[in-house]
Amino acid sequence: VAENVLDCIKNFDRRGEMSSLFISLLRIPLLLLLLYGFVCSLDILSSAFQLAGGKVAGDIFQDNAILSNPVAGLMVGILVTVLVQSSSTSTSIIVSLVSSGLLEVKSAVPIIMGSNIGTSVTNTIVALMQAGERNEFKRAFAGATVHDCFNWLSVLVLLPVEVASGLVSYLARVTVSSFQLHSGQEAPELLKTLTEPFTKLIIQLDKSVITGIALGDESMRNHSLVKVWCKSSSFSSVNVTAAAAQNCSTELHCGKDSDLTWITQNISRHLFVDSGLSDLAVGLILLASSLMVLCPCLLLIVKVLNSLLKGQVAKVIEGVINTDFPYPLGWLSGYLAMLIGAGMTFIIQSSSVFTSALTPLIGIGVISLNRAYPLTLGSNIGTTTTAILAALASPREKLPAACQIALCHFYFNIFGILLWYPVPLTRLPIRMASALGECTAKYRWFAVLYLLVCFLLLPCLVFGISLAGWQAMVGVGAPFAALTIFILLVNLMQSHSPTHLPKTLRSWDFLPQWMHSLKPLDKLITKTTVLCCSPARLNDPDVVVVTPDTTNIKPESKKQTEQWYDNPALSLPEEISSEPRVFRLRGLERCNSTPL
């Protein structure tokens, strides 16, 4: 009987192992399906932004006198790329402006730098989806913002160099002139081949409308970005770019014959063909629907990855991705990661998709921030090689301008990597991103504030000041730059050599708290949130809100600090859980009463 019982237990264990293996195998196609939905929703999100802000972006590009100001051009590049959520769209507009003679290559370089900053907003938005778990959010936000920090630091150094010497535009011009360039075929786009059959059923846009507005074609203002449906003489249906049949695109050779419109090209239908809605309305609908798909897909991707990448699997993947080569070849690991990032981006033809896919992996601890940094830099190189191949496929009249713009983008990223990667001490983006992650984990609302300031408010403010002329820029920018440098130097000396500072400057405590801490703003936001949620509870005079005292908490050990980006499945550091607020009845503070 005992032997039969043991055999039954063994069979049960085997069945349990088989079922768990079967469930694990089912998770893989589920993960691929979720990734497909995630990428498609990113594509539709980009179309939504183009519909909502595409014509505004074209209007911004129209004033060429403003674009000749390098600071204004930089801010235009950021704002336009954030509005259309596509650096390729803003780059194509710049190529058209340069090839038509309305803009010089030297004036276009700051706009290219701005588009490089603006395109990194996508993975920062994706990081917000992991705000539910504090440690995951800290890692994910740091991994997303390391791209932002790299771009901003590169611009701060390379933009003055470019304005003073024209180094980037000169190298691009010399490179183009040294080769006999001929127009060729476009590079294959693997990712679009997979996603376009679905996304084309949802929406199709004519991006030439934005380019036409930027080039000053006023007739394009009455055209819709959404391709609409026209009847052909052969009773087949097609998509064209105009808002009505009389506004059919000239590229499709539309004509009218009594009640019929004839054309020479057939294009498939999509969901908003004959909706009759404005571009803004369609853009808002697509924005809401794409976010409704994007958020669940990303959350489910994180859940599936957490269930797949655990235990021994997590250890193997962590060892493969994050481990360096043996000494003395350890320094080559980062450059190999760059090659992998460049190759993956070249294959999928989108740096935004690649970096956005990295973000949840960084959040769950599979990829460390130190390894994600070279992968992101490699992705920058990969997207520039894609742009170069796309430029080589341009028409003959646009070929030199397109190649120069693509090479400017390439040299900008190469110089940025040379500045902020080879020497470990110069890898400031990693430290900045880590600090942003820590701050965001402590104050989660800081992530939204960061997005609004860095990608909207600051570019708009600097752009407005630049319109007033260089005198206003110097008058405002010089004191601000001097104050920033002073604060950085004082902070550096406070942490390394405080004895060389006057007693007053050894800490910032002499300033009002709101000038050196986010706690007052956090209290204001928390109080506002609580008032909105439950105003009656706060107005109760018998309730006192007591915040837990964390001053006596010992800092974590150095070993635990180094495991900041470790997967929870790999190590289980002792973490101090955030205690909830404690309510005590007024009048019993001195008693040893049990907190409510």
Side-chain angles (χ1 to χ4, degrees), residues 116-117 119-120 123-124 127 138-158 309 314-348 350-386 409-437 558 561-567 570-571:
N116 216 46
I117 294 174
T119 193
S120 61
N123 51 321
T124 309
K138 175 170 65 175
R139 293 189 290 261
F141 195 78
T145 53
V146 72
H147 196 189
D148 308 341
C149 297
F150 169 78
N151 287 329
W152 279 106
L153 288 173
S154 299
V155 165
L156 288 175
V157 174
L158 294 177
L309 305 178
K315 290 181 180 179
V316 171
I317 295 177
E318 192 268 346
V320 171
I321 295 177
N322 297 325
T323 303
D324 292 334
F325 290 132
Y327 180 83
L329 301 177
W331 59 276
L332 289 176
S333 303
Y335 296 99
L336 179 61
M338 281 189 203
L339 290 177
I340 295 173
M344 292 296 296
T345 305
F346 180 78
I347 291 173
I348 64 178
S350 175
S351 61
S352 296
V353 171
F354 178 75
T355 54
S356 298
L358 279 181
T359 302
L361 294 175
I362 300 169
I364 64 175
V366 173
I367 300 177
S368 66
L369 183 61
N370 288 328
R371 183 63 74 237
Y373 181 51
L375 286 170
T376 302
L377 300 185
S379 177
N380 280 351
I381 300 298
T383 194
T384 58
T385 55
T386 302
H409 196 186
F410 175 76
Y411 285 128
F412 168 73
N413 283 293
I414 290 294
F415 286 134
I417 291 173
L418 294 176
L419 283 171
W420 309 116
Y421 187 78
V423 182
L425 290 177
T426 62
R427 295 174 188 174
L428 297 180
I430 295 179
R431 302 174 196 170
M432 294 173 64
S434 299
L436 288 172
K558 184 178 181 182
T561 305
E562 292 175 351
Q563 292 177 347
W564 192 79
Y565 289 106
D566 284 347
N567 191 339
L570 305 178
S571 59

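The analysis underlying the following values was restricted to heavy atoms, covering all of them including side chains, and did not include hydrogens, waters or symmetry mates. For reference, positions follow the sequence shown, starting with 1. Computed from a predicted model, the values in this text were never measured in an experiment.
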(message) Could you report the tightest heavy-atom contact between Phe141 and Leu436, atom names first, then the distance?
(response) CD2-O, 4.0 Å
(request) Determine the minimum heavy-atom distance between Asn151 and Phe412, stating which atoms define it. (result) O-CZ, 4.4 Å
(message) Nearest 0.5 angstrom please: Ser379 OG to Leu375 CG, how far?
(response) 9.0 Å
(message) Strictly distance-based, threshold 3.5 Å: is any side-chain N or O of Asn413 a donor or acceptor partner for the main-chain N or O of Ile381?
(response) no
(request) Search all heavy atoms of Ser120 against all heavy atoms of Ile117 and return the closest pair with its distance. (result) OG-O, 2.6 Å
(message) If you compare all heavy atoms of Thr383 against all heavy atoms of His409, which two are closest, and at what distance to 0.1 Å?
(response) CG2-CE1, 4.5 Å
(request) Using the side-chain contact (heavy atoms from CB on, under 4.5 Å) rule, take Leu419 and Leu158 through it: C-alpha gap first, then chi angles, then the decisive distance, then the call. (result) CA-CA 10 Å; Leu419 283 171; Leu158 294 177; 4.1 Å; yes
Donor-acceptor pairs are to be reported for all side-chain atoms of residues 332-339 against protein atoms at under 3.5 Å, with residues two or more places apart or in another chain.
from, atom 1, to, atom 2, distance (Å)
Ser333, OG, Phe325, N, 2.8
Ser333, OG, Gly330, O, 3.2

(message) Set out, in order, the CA-CA distance, both residues' side-chain angles and the distance that settles side-chain contact (heavy atoms from CB on, under 4.5 Å) for Ile430 and Leu369, then state yes or no.
(response) CA-CA 7 Å; Ile430 295 179; Leu369 183 61; 3.9 Å; yes
(request) To the nearest 0.5 angstrom, please state how far the CG atom of Asn123 sits from the OG atom of Ser351. (result) 8.5 Å
(message) So does Pro422 get a backbone contact from the side chain of Thr426, meaning a donor-acceptor N/O pair under 3.5 Å?
(response) no
(request) State the CG-CZ distance between Leu358 and Arg371, to the nearest 0.5 angstrom. (result) 12.0 Å
(message) Under a 3.5 Å distance rule, please check whether Thr385 uses its side chain to pair with a backbone N or O of Gly382 as donor and acceptor.
(response) yes
(message) Nearest 0.5 Å, please: how far is CZ in Phe415 from CH2 in Trp420?
(response) 14.5 Å
(message) Does any part of the side chain of Phe150, heavy atoms only, come nearer than 4.5 Å to the side chain of Ile417, both counted from C-beta?
(response) yes
(request) Enter the distance from Ser154:OG to Trp152:CH2 here, rounded to the nearest 0.5 Å. (result) 12.0 Å
(request) Rounded to the nearest 0.5 Å, what's the gap from OG1 on Thr384 to OH on Tyr411? Could you check? (result) 11.0 Å
(request) Find out whether His147 and Asn380 are in side-chain contact, i.e. whether some heavy atom of one side chain is under 4.5 Å from a heavy atom of the other. (result) yes
(message) I need the minimum non-hydrogen distance between Val146 and Pro429, along with the two atoms involved.
(response) CG2-O, 3.8 Å
(message) Just to verify, what does Ala140 make a side-chain contact (heavy atoms from CB on, under 4.5 Å) with, not counting sequence neighbours?
(response) Ala127, Gln130, Thr359
(request) Under the ring-ring contact (aromatic ring centres under 6.0 Å, His included) rule, collect the residues that match up with Tyr373, sequence neighbours excluded. (result) Tyr421
(message) Ignoring hydrogens, what is the shortest heavy-atom contact between Thr119 and Ser352? Give both atom names and the distance.
(response) OG1-OG, 3.3 Å
